[in-house]
Amino acid sequence: MIDIGHEQIKAYRGDGFLVLGSVLDEVERLGLIDAERRLREDRPFGTSGGLIVSEQVEHRSAAVRRFCCEGPHLDAVEALLGPAFAITHNQFIVKLPGGAGGTSDIPLHQDNGYGRLEPPDDVTV
């Protein structure tokens, strides 16, 4: 469980992001690393060769499903969005070292530019 306070919510609303810090214990972290390695796509994404994206993996991994549906971050998500929220997308994004000089085809961004949510309330964990 991760509690966030009024000041953090205010910062999120103003800045568009909030750093929660560590949300996983060691067992959960290792379980997700194992799931990513098992489910990793065998082809890079985009043109740099340094990015691998594996999408909609919750139905193929109990560890991912637990994180998405029961994870300690969900209290913080509820504090930001309210109690009526849904998981619409999940993926592993792996930025490999050495691809195209260490760059990625996907720069730092806010995700609502890719999806069209109305209202535009979207949280990426």
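With salt bridges taken as basic N to acidic carboxylate O contacts below 4.0 Å, none links D25 and R29.
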Give the C-alpha distance, both sets of side-chain angles, the deciding distance and a yes or no for side-chain contact (heavy atoms from CB on, under 4.5 Å) between V53 and E41. CA-CA 7 Å; V53 179; E41 298 291 330; over 6 Å; no
- Show the numbers, then the answer: is there a side-chain contact (heavy atoms from CB on, under 4.5 Å) between Q91 and I93? CA-CA 6 Å; Q91 61 188 0; I93 297 178; 3.3 Å; yes
Go through the steps to decide whether I4 and Y12 satisfy the test side-chain contact (heavy atoms from CB on, under 4.5 Å), and finish with yes or no.
CA-CA 10 Å; I4 61 173; Y12 172 79; over 6 Å; no
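Side-chain atoms of I2 and D75, non-hydrogen and from C-beta on, never get closer than 4.5 Å to each other. Between I52 and F92, the closest side-chain pair of non-hydrogen atoms is not below 4.5 Å. Counting only heavy atoms from C-beta outward, the side chains of L24 and F67 approach each other to under 4.5 Å.
Under the 4.5 Å side-chain heavy-atom criterion for grouping Ile, Leu, Val, Met, Phe, Trp and Tyr, V23 is connected to F85 within one hydrophobic cluster. I33 and L39 sit in two unconnected hydrophobic clusters of ILVMFWY residues. Membership requires side-chain heavy atoms under 4.5 Å apart, directly or through other members. Linking ILVMFWY side-chain heavy atoms closer than 4.5 Å, directly or via other members, places L30 and V94 in two distinct hydrophobic clusters. Residue L20 is grouped with residue L74 when hydrophobic side chains (ILVMFWY) are merged at heavy-atom distances under 4.5 angstrom, including chains of intermediate members.
Scored by the salt bridge (Lys or Arg N to Asp or Glu O under 4.0 Å) test, R66 finds no partners at all (sequence neighbours excluded). Looking at residues two or more places apart in sequence or on another chain, you find no ring pair (Phe, Tyr, Trp, His ring centres under 6.0 Å) involving H89.
With values rounded to the nearest 0.5 angstrom, S54 atom OG is found 7.0 Å from R60 atom CZ. Put simply, CD on E36 and OG on S61 are 10.5 Å apart, with the number rounded to the nearest 0.5 Å.
A donor-acceptor pair under 3.5 Å is absent between the side-chain atoms of R13 and the main chain of Q8, judged by distance alone. Side-chain N or O atoms of Q56 include one that pairs as donor or acceptor with a backbone N or O of N90 at under 3.5 Å.
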